[in-house]
J.: 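Just dropping this structure here.
Order of listing sets the numbers, starting from 1, for every ligand and every atom in it.
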Amino acid sequence: MAQIAKIHIPATGRTIELPTGLFINNEFVPSADSQETLSVINPATEEEICKVVAASGKDIDIAVKAARVAFKTTWGKNVTGFERSRLMNKLADLIERDQQELAELETLNNGKPVKVARDFDIGDSIQCLRYYAGWADKILGETIEVDNKTKLAFTRHDPIGVCGQIIPWNYPIMMWAWKVAPALAVGCTVVMKPSELTPLTALKLSQLVKEAGFPPGVVNTVPSLGAIGGAALSAHMDVDKVAFTGSTVTGRKVMEAAAKSNLKKVSLELGGKSPNIVFESADLEQAATWAALGILYNTGEDCTAGSRVYVQDSVYDSFMELLIEKVRSTPIGDGFDETVTSGPIISKIQFDKVWGYIESGKQEGAKVLVGGERRAGKGYFVDPTVFADVKHDMKIVKDEIFGPVLAVGRFSTEEEAIELANNTSYGLGAGLHSTDANQCMRVSSALEAGTVWVNQYNILHNNVPFGGKKQSGIGRELGKQALDEYTSVKAVHWNFGEKGSWPL
Ligand SMILES: NC(=O)C1=CN([C@@H]2O[C@H](COP(=O)(O)OP(=O)(O)OC[C@H]3O[C@@H](n4cnc5c(N)ncnc54)[C@H](O)[C@@H]3O)[C@@H](O)[C@H]2O)C=CC1
Ligand code: BAL
């Protein structure tokens with residue numbers, strides 16, 4: 001197969017030349033032992049964009065070796081934080097230079113609106129790289145007094161080593177940045193496995209990694225099926241850490257493979273079924289806006305999607321009127337249409353999964369207030385669908401759907417709202433809307449989630465930690481906490497005066 005794909009984007013007239021090989025040691029290469037390819041599909045048209053090389057188990061091994069050599073020679077403890085910071089800032093500048101082109105590639109492959117990809121996903125990713133570039137020369141240990149006369153101890157936060165990073169298809173560039181940036185900042189090397197559905201921007205970013213001047217082997221990119229490349233990374237004996245974002249089912253497999261191999265460090269960012277609570281004192285217009293954004297942003301393909309909304313009885317009707325109006329007016333379509341705010345679902349499999357849930361909601365007796373009807377034509381488009389009168393044991397209330405499908409229920413007291421919100425195996429995000437400050441403090445404290453939004457929803461910042469409780473994950477991304485995921489603390493005990501004696 002051709003090693004360079006010429007990808008034409010009719011909507012903008014741009015043609016992108018993209019290497020389609022594996023990126024190992026700063027070169028795009030074919031597989032060492034396989035002819036397998038991944039067919040990359042545009043979800044808005046259902047047409048193939050191109051094929052890319054699919055890494056085999058042997059290719060993963062080669063990439064891990066490249067990352068290990070780099071870690072021991074040109075990266076890891078062999079390069080100063082100042083230099084790591086310089087290269088990361090250079091990479092951020094190159095991404096900014098190519099922001100529009102990257103956005104168009106992301107839209108072609110993922111379907112999200114090009115303006116969202118450009119201004120939010122990529123804008124935040126550039127900032128993420130710069131944020132962690134700022135940390136690269138500030139990885140500090142501490143000195144600890146153990147005896148004032150003859151000894152002290154100090155700690156070093158060493159880079160953990162070679163990191164396998166497995167990312168999903170909902171935010172291909174942003175998840176790349178969330179994982180690569182803290183790893184590079186502390187001196188780790190990376191073997192990145194993008195989703196088999198969305199490998200294109202990871203390949204483009206690999207070109208920029210080389211152009212920025214990173215030494216060979218520091219970042220390697222191995223598009224592959226999860227059961228092959230992801231499984232091989234998770235089980236690899238020479239990978240020191242695996243960072244994963246995706247489903248809880250697959251996260252469990254990653255952790256099991258880590259436990260059965262070399263007990264590598266694992267961080268998991270998994271699914272959710274996040275509640276959004278509207279209390280009677282809330283600014284209802286604003287609460288409806290955030291609730292709509294909570295479920296419809298990124299077409300609901302978001303681990304923190306606010307997919308359960310609970311509304312206090314006394315304001316239920318007024319709130320629902322506002323919410324339905326917003327949901328109904330959501331412009332859905334091809335992401336290259338600048339007026340669109342929601343694109344298609346990522347794939348046929350996901351499309352069928354989302355429809356399976358919509359049908360189950362109808363069968364289980366939930367009331368469809370808006371949506372719920374199939375569209376004619378090409379593309380995996382699903383109109384936003386809102387269910388009311390839901391019961392807690394319905395599948396649409398319990399399971400992560402990962403699409404624009406919202407379940408709305410009622411409550412009468414604060415205690416009931418908290419009980420409903422926490423009645424889930426997940427614990428990723430939660431929102432509450434109220435103008436009573438005491439209530440905001442009480443409820444935000446009671447909600448079992450890694451992130452709680454008060455009078456807003458789904459807003460994240462690179463300097464604030466993000467991650468889950470319960471079966472939504474282990475570890476934290478973003479903020480200074482992410483640095484801990486990529487470092488290993490070494491304690492050095494130093495004797496500068498005490499003579500040893502034996503026997504004691
Ligand atoms: N938390 C999140 O951000 C995401 C959650 N999901 C959830 O997962 C559901 C299924 O979507 P999928 O794409 O199938 O998610 P998935 O969890 O299977 O895929 C995520 C990543 O894991 C890789 N992977 C798959 N099997 C693996 C294995 N055995 N070992 C290691 N890595 C493996 C995939 O290749 C991909 O790179 C969605 O409907 C949604 O509910 C999906 C994507 C992102
Ligand atoms: N909303 C944060 C990123 C994610 O969905 O995976």
J.: Check each atom of ligand 2 against the heavy atoms of Asn170 and keep those under 4.0 Å away; list them by number with element.
T.: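 Matching atoms, with element in brackets: 4 (C), 5 (O), 6 (O).
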J.: Among all protein non-hydrogen atoms, which one is nearest to atom 14 (O) of ligand 1, and what is the separation to 0.1 Å?
T.: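 So the nearest neighbour among protein heavy atoms is Trp169 NE1, 5.0 Å.
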J.: Any N or O on Phe402 sitting closer than 3.5 Å to an N or O of ligand 1?
T.: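 So ligand 1 has no N or O lying under 3.5 Å from an N or O of Phe402.
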J.: Determine, stepwise, if the pair Glu256 / Arg252 fulfils salt bridge (Lys or Arg N to Asp or Glu O under 4.0 Å).
T.: CA-CA 6 Å; Glu256 204 179 328; Arg252 219 181 278 282; over 6 Å; no
J.: Tell me, which pairs form a salt bridge (charged side-chain N to carboxylate O under 4.0 Å, His left out) where one or both residues lie in residues 330-345, sequence neighbours left out?
T.: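 Matches after skipping sequence neighbours: none remain.
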J.: Could you identify the single nearest non-hydrogen protein atom to atom 2 (C) of ligand 2 and state the distance to 0.1 Å?
T.: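 It is Cys303 SG, 3.6 Å.
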J.: Can you check atom 12 (P) of ligand 1: any protein non-hydrogen atom closer than 4.0 Å?
T.: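 Yes, at least one protein heavy atom sits under 4.0 Å from atom 12 (P) of ligand 1.
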J.: Starting from atom 1 (N) of ligand 2, which protein heavy atom do you reach first, and at what distance in Å?
T.: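 Looking only at protein heavy atoms, the one closest to atom 1 (N) of ligand 2 is Asp302 OD1, 2.7 Å.
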J.: Can you label the angle between the Tyr297 ring and the Phe120 ring as parallel, tilted or perpendicular, going by 30° and 60°?
T.: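 The rings of Tyr297 and Phe120 stand perpendicular, inter-plane angle above 60°.
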J.: Is a salt bridge present between Glu285 and Lys326, judged by a nitrogen-to-oxygen distance below 4.0 Å?
T.: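 The answer is yes: the pair qualifies as a salt bridge.
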J.: Give the numbers and elements of all ligand 1 atoms closer than 4.0 Å to a heavy atom of Phe244.
T.: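 Going through ligand 1 atom by atom, the ones under 4.0 Å from Phe244 are 17 (O), 21 (C), 22 (O).
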J.: Does Glu448 come within less than 4.0 Å of Lys470, counting only side-chain N to carboxylate O?
T.: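 Here Glu448 pairs with Lys470 in a salt bridge, since their nearest N and O are under 4.0 Å apart.
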J.: Can you name the atoms of ligand 1, numbered from 1 with element, that are less than 4.0 Å from a heavy atom of Ile167?
T.: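 Listed by number with element: 21 (C), 36 (C), 37 (O).
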J.: Nearest to atom 41 (O) of ligand 1, what protein heavy atom do you find, and at what distance?
T.: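 Ranking protein heavy atoms by distance from atom 41 (O) of ligand 1, first comes Glu400 OE1, 2.7 Å.
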J.: Any ion pair linking Lys265 and Asp240 (charged N to carboxylate O, less than 4.0 Å)?
T.: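 No, Asp240 and Lys265 are not salt-bridged.
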J.: Which ligand 1 atoms, with their elements, are less than 4.0 angstrom from a heavy-atom of Lys253?
T.: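 Atoms satisfying the 4.0 Å criterion: 29 (N).
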J.: If you measure from each heavy atom of Glu301 to ligand 2, is any distance below 4.0 Å?
T.: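 Glu301 does not count as a contact of ligand 2 under the 4.0 Å cut-off.
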J.: With heavy-atom distances below 4.0 Å as the criterion, list the atoms of ligand 2 near Tyr171.
T.: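 Heavy-atom distances to Tyr171 below 4.0 Å select 3 (C), 4 (C), 5 (O).
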J.: Looking at atom 19 (O) of ligand 1, would you say a protein heavy atom lies below 4.0 Å from it?
T.: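 Within 4.0 Å: no protein heavy atom nearby.
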J.: Among protein heavy atoms, which lies nearest atom 8 (O) of ligand 1, and at what distance?
T.: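 Here the closest protein heavy atom is Ser247 CB, 2.9 Å.
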J.: Under 4.0 Å from a heavy atom of Glu269: which atoms of ligand 2 are those, numbered in the order shown and with their elements?
T.: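 Reading through ligand 2 atom by atom, the close ones are 6 (O).
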J.: Test salt bridge (Lys or Arg N to Asp or Glu O under 4.0 Å) on Glu101 and Lys204; report intermediate values, then the result.
T.: CA-CA 10 Å; Glu101 180 176 328; Lys204 171 74 189 163; 3.2 Å; yes
J.: With a 4.0 Å heavy-atom cut-off (strictly under), which part of Met174 contacts ligand 2: side chain, backbone, both or neither?
T.: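 No part of Met174 comes within reach of ligand 2.
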J.: Of all the non-hydrogen atoms in the protein, which one sits nearest to atom 34 (C) of ligand 1, and at what distance?
T.: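 The protein heavy atom lying closest is Glu196 OE1, 3.5 Å.
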J.: Relative to the heavy atoms of Cys303, which atoms of ligand 1 are at a distance of less than 4.0 Å?
T.: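 Contacts of ligand 1 toward Cys303, numbered from 1: 1 (N), 2 (C), 3 (O).
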J.: With a heavy-atom distance limit of 4.0 Å, tell me whether Met175 approaches ligand 1 through its side chain, its backbone, both, or neither.
T.: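 Met175 to ligand 1: no contact under 4.0 Å from either part.
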J.: Taking only residues two or more places apart in sequence or in another chain, which ones pass ring-ring contact (aromatic ring centres under 6.0 Å, His included) with Trp453?
T.: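 ring-ring contact (aromatic ring centres under 6.0 Å, His included) check on Trp453 returns Tyr457.
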J.: List the steps and the verdict of salt bridge (Lys or Arg N to Asp or Glu O under 4.0 Å) for Lys395 and Glu359.
T.: CA-CA 10 Å; Lys395 285 208 287 185; Glu359 296 305 339; over 6 Å; no
J.: Using a heavy-atom cut-off of under 4.0 Å, does the side chain or the backbone of Leu270 touch ligand 1, or both, or neither?
T.: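 It is the backbone that touches ligand 1; the side chain stays farther off.
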J.: Can you list the steps and then say if Phe244 with Thr250 is a side chain to side chain contact (heavy atoms under 4.5 Å, CB included)?
T.: CA-CA 9 Å; Phe244 171 83; Thr250 304; 3.6 Å; yes
J.: Could you tell me the residue and atom name of the protein heavy atom closest to atom 25 (C) of ligand 1, and the distance to it rounded to 0.1 Å?
T.: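 Checked against all protein heavy atoms, atom 25 (C) of ligand 1 sits closest to Gly226 CA, 3.4 Å.
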J.: Check each atom of ligand 1 against the heavy atoms of Pro168 and keep those under 4.0 Å away; list them by number with element.
T.: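 This gives 43 (C), 44 (C) as the contact atoms.
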J.: Provide, to 0.1 Å, the distance between atom 33 (C) of ligand 1 and the closest protein heavy atom, together with that atom's residue and name.
T.: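 Nearest protein contact, heavy atoms only, for atom 33 (C) of ligand 1 is Thr250 CG2, 3.3 Å.
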J.: Run the numbers on Asp399 and Lys273 for side chain to side chain contact (heavy atoms under 4.5 Å, CB included), then give the verdict.
T.: CA-CA 7 Å; Asp399 295 359; Lys273 192 72 192 174; 5.7 Å; no
J.: Pair Asp33, Lys58 - check salt bridge (Lys or Arg N to Asp or Glu O under 4.0 Å), show working.
T.: CA-CA 7 Å; Asp33 63 346; Lys58 183 163 183 193; 5.5 Å; no
J.: So do Phe214 and Met88 actually touch side chain to side chain, heavy atoms under 4.5 Å?
T.: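 A side-chain contact exists here, since the closest heavy-atom pair is under 4.5 Å.
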J.: For ligand 1, which atoms, with element, lie under 4.0 Å from some heavy atom of Ala231?
T.: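 Matching atoms, with element in brackets: 30 (N), 31 (C).
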J.: Select one of side chain, backbone, both or neither to describe which atoms of Glu301 lie under 4.0 Å from any atom of ligand 1, heavy atoms only.
T.: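 Neither part.
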J.: Which ligand 1 atoms are under 4.0 Å away from a heavy-atom of Ser195?
T.: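 Ligand 1 atoms under the 4.0 Å threshold to Ser195: 37 (O).
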J.: Between Glu485 and Arg476, does any side-chain N to carboxylate O distance fall below 4.0 Å?
T.: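 Looking at Glu485 and Arg476, the cut-off is not met.
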J.: Would you kindly specify which portion of Tyr171 sits under 4.0 Å from ligand 1, judged on non-hydrogen atoms: side chain, backbone, both or neither?
T.: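 No part of Tyr171 is near ligand 1 at this cut-off.
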J.: What's the shortest distance from atom 31 (C) of ligand 1 to any protein heavy atom, and which residue and atom give it?
T.: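 For this ligand atom, the closest protein heavy atom is Gly230 C, 3.2 Å.
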J.: Between Val254 and ligand 1, find which residue part has any heavy-atom pair under 4.0 Å and reply side chain, backbone, both or neither.
T.: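 Side chain only; the backbone of Val254 stays clear of ligand 1.
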J.: Ring-plane angle category for Tyr380 and Phe351, please: parallel below 30°, perpendicular beyond 60°, tilted otherwise.
T.: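 Rings of Tyr380 and Phe351: tilted, as their planes differ by 30° to 60°.
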J.: Return the residue, atom name and 0.1 Å-rounded distance of the protein heavy atom closest to atom 23 (C) of ligand 1.
T.: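 Ranking protein heavy atoms by distance from atom 23 (C) of ligand 1, first comes Ile166 CG2, 3.7 Å.
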J.: Side chain, backbone, both or neither: which applies to Asn298 and ligand 2 if a contact is any heavy-atom pair less than 4.0 Å apart?
T.: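 For Asn298, there is no contact with ligand 2 at all, from either part.
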J.: Hey, is Lys378 close enough to Glu47 for a salt bridge, meaning N to O under 4.0 Å?
T.: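 No.
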J.: For ligand 1, which atoms have a heavy atom of Lys353 less than 4.0 angstrom away?
T.: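 That gives atoms 9 (C), 38 (C), 39 (O), 40 (C), 41 (O) of ligand 1.
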J.: Any salt bridge between Glu301 and Lys112, counting N to O under 4.0 Å?
T.: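 Result for this pair is no, no salt bridge flagged.
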J.: Are the ring centres of Trp178 and Phe466 closer than 6.0 Å?
T.: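 Ring centroids of Trp178 and Phe466 are less than 6.0 Å from each other.
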J.: Take Ile167 and Lys193, measure what side chain to side chain contact (heavy atoms under 4.5 Å, CB included) needs, and give me the verdict at the end.
T.: CA-CA 6 Å; Ile167 58 171; Lys193 196 208 83 62; over 6 Å; no
J.: Mark up the atoms of ligand 2 that fall under 4.0 Å of a heavy atom belonging to Thr304, in ascending order.
T.: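 Per the distance check, 1 (N).
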